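The shown structure was predicted, so the numbers you read here are calculated from the model rather than taken from an experiment. In the text below, chain A, chain B and the rest are named by the order of the sequence lines, each starting its count at 1.
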2 protein chains.
Amino acid sequence: MEHFPHTPPNLTKNQSMVMAALLKANGPLSAYTILDQLRSKGLRAPLQVYRALDKLVGYGMAHRLESMNAFIACRHPDGESGSMVAFTICESCGEVAEISNDRFDSQLHKLAGGAGFNVKKSTVELFGQCEACA
Amino acid sequence: MEHFPHTPPNLTKNQSMVMAALLKANGPLSAYTILDQLRSKGLRAPLQVYRALDKLVGYGMAHRLESMNAFIACRHPDGESGSMVAFTICESCGEVAEISNDRFDSQLHKLAGGAGFNVKKSTVELFGQCEACA
DNA sequence: CTGAAACTGTTATGTTATAACAAATAATAA
DNA sequence: TTATTATTTGTTATAACATAACAGTTTCAG
């Protein structure tokens, strides 16, 4: 289950349906919201959704927002490395945006490195106000 | 509910008990684990714990680890500003450490600022290996 | 003292996530 | 192809995390 971003493997039926739901939404969805949207297409149980989400996240095609218990399609721009991903979450309008930045990523590794810690995976979620709401 | 770190208000009975449980533990605890530990002291319901935790987090005396659904006593060193807090979480031994760094904090604000986003609160949780386990 | 604000206790319920098992499907190699 | 192995699927049940609503109590400033 190792994939570079934007080189998706062939998705299974459930994985495709869940991915489509994430792409159609323009914001994060909870697993149960996804389930409700896909009941008409035959999904019946939470596990069917969670299993698909696990794969999609593993493939780098979706992200989990830890602070919201929700999932969102990966939209980080092509050309950026797959390294670090941060999210901005607007407390006014709920908009979630993805930021990817190599310099920041190395800062982050350096910060942790200073404490003798070797970073493999990071969760960075920023709350505040987006440009439109400010 | 505004407090500088390390200038704790007078805690109520429940708040003190929950804080004591967090301090005694040398790692994160789930709300239900805390509840179990405090049943012998009279606590009976999850809400009693969650309410205390909300206050303690608000006072800056405890932190919530979003990626673990767990809580940990604040231990960031005196003298550091209260700005940003990051956590390192060792995937081998489970050790959780707190890092606070002003320079990184400003990097983080700058990164978001570049996208027109104004950061009020941040969640930074880093997974990998601690010094001892590496 | 008294009224407002904060805290407490309690029951019930809502939300998020996984365990365990059996069956179907797809990918691989002989 | 056919046997073998991996993965995916479907399903039921349950675990783990969190809050709603309401009533009663304590605290404390005015």
Side-chain angles (χ1 to χ4, degrees), chain A residues 1-3 8-22 25 27-59 61-72 89 94 96 123 125, chain B residues 1-3 8-22 25 27-72 89 94 96 123 125 127:
Chain A
M1 205 163 83
E2 289 278 322
H3 285 269
N10 292 330
L11 298 181
T12 67
K13 185 160 146 281
N14 288 1
Q15 288 161 14
S16 302
M17 290 193 299
V18 170
M19 191 66 208
L22 288 176
L29 297 177
S30 80
Y32 280 78
T33 302
I34 295 171
L35 176 57
D36 287 341
Q37 291 186 7
L38 296 180
R39 278 191 199 284
S40 59
K41 295 185 178 163
L43 287 201
R44 294 162 180 285
L47 254 193
Q48 296 176 293
V49 174
Y50 280 108
R51 289 199 276 225
L53 286 169
D54 281 351
K55 290 298 180 181
L56 295 172
V57 169
Y59 296 152
M61 300 175 70
H63 299 288
R64 179 187 168 82
L65 290 165
E66 299 290 350
S67 57
M68 304 180 77
N69 295 325
F71 299 83
I72 191 167
I89 300 164
V96 175
T123 292
E125 299 176 11
Chain B
M1 207 163 77
E2 289 280 322
H3 286 267
N10 292 330
L11 298 181
T12 67
K13 184 159 147 284
N14 288 1
Q15 287 161 15
S16 302
M17 289 194 297
V18 170
M19 191 65 208
L22 289 175
L29 297 177
S30 80
Y32 279 77
T33 301
I34 296 171
L35 176 57
D36 287 341
Q37 291 186 6
L38 297 179
R39 278 190 200 285
S40 59
K41 295 185 177 162
L43 287 201
R44 294 163 180 286
L47 254 193
Q48 296 176 293
V49 174
Y50 280 109
R51 288 199 278 227
L53 286 169
D54 281 351
K55 290 299 180 182
L56 295 173
V57 169
Y59 297 152
M61 300 175 70
H63 299 287
R64 178 186 168 80
L65 290 165
E66 299 290 350
S67 56
M68 304 181 75
N69 294 326
F71 299 84
I72 191 167
I89 301 164
V96 175
T123 292
E125 298 176 11
F127 294 83

Trainee: Tell me the closest heavy-atom pair linking A/Pro46 and A/Leu35, and the distance in Å.
Mentor: N-CD2, 3.8 Å
Trainee: Which heavy atom of B/Val18 sits nearest to which heavy atom of B/Ala52, and what is that distance?
Mentor: CG2-CB, 3.7 Å
Trainee: Tell me which residues in residues 35-45 of chain B put a heavy atom below 4.0 Å from DNA chain C, sorted by number, or none.
Mentor: B/Arg44, B/Ala45
Trainee: Can you tell me the pairing partner of C/dG14 across any strand shown, Watson-Crick or G-U wobble, with both distances under 3.5 angstrom?
Mentor: D/dC17
Trainee: Using O4'-C1'-N9-C4 for purines and O4'-C1'-N1-C2 for pyrimidines, with syn meaning within 90° of 0, is D/dA6 syn or anti?
Mentor: syn
Trainee: Kindly give the heavy-atom pair with the smallest separation between B/Leu11 and B/Ser16, and that separation in Å.
Mentor: CB-OG, 3.4 Å
Trainee: If you walk 5' to 3' along DNA chain D, what is the first nucleotide with an atom under 4.0 Å of a heavy atom in chain A, and what is the last?
Mentor: D/dT8 to D/dT12
Trainee: Is there side-chain contact between B/Ile89 and B/Met68, with at least one heavy-atom pair below 4.5 Å?
Mentor: yes
Trainee: Taking the side chain as every heavy atom from C-beta outward, state whether B/Leu53 and B/Leu22 have any atom pair closer than 4.5 Å.
Mentor: yes
Trainee: When the nearest nucleotide of DNA chain D is assigned to A/Leu47 and to A/Tyr32 on a heavy-atom basis, which residue is associated with the more 5' position?
Mentor: A/Leu47
Trainee: Atom OH of B/Tyr50 and atom P of C/dG9: how far apart are they, to the nearest Å?
Mentor: 17 Å
Trainee: Map B/Pro46 and B/Asn69 onto DNA chain C by nearest heavy atom, then report which one ends up closer to the 5' terminus.
Mentor: B/Pro46
Trainee: Under 3.5 Å, is there a donor-acceptor pair linking the side chains of A/Glu125 and A/Ser67?
Mentor: yes
Trainee: Searching all strands shown, indicate the nucleotide that pairs with C/dA5 (Watson-Crick or G-U wobble; both distances under 3.5 Å).
Mentor: D/dT26
Trainee: Which pair of heavy atoms, one from A/Pro28 and one from A/Ala70, lies closest together, and at what distance?
Mentor: CB-CB, 3.8 Å
Trainee: Just the table, please: protein N/O against nucleotides 5-8 of chain C N/O, every pair under 3.5 Å.
Mentor:
from, atom 1, to, atom 2, distance (Å)
C/dC7, OP2, B/Lys55, NZ, 3.1
C/dT8, OP1, B/Thr12, OG1, 3.0
C/dT8, OP1, B/Asn14, N, 3.4

Trainee: Is A/Asp54 salt-bridged to A/Arg51, cutoff N-O under 4.0 Å?
Mentor: no
Trainee: Mark yes or no for whether A/Arg44, through its side chain, and A/Arg39, through its backbone, hold a donor-acceptor pair below 3.5 Å.
Mentor: no
Trainee: Please report the shortest heavy-atom distance between A/Ser40 and A/Gln37, naming the atom on each side.
Mentor: OG-O, 3.7 Å
Trainee: Which heavy atom of B/Ala21 sits nearest a heavy atom of B/Leu29, and at what distance?
Mentor: O-CD1, 3.6 Å
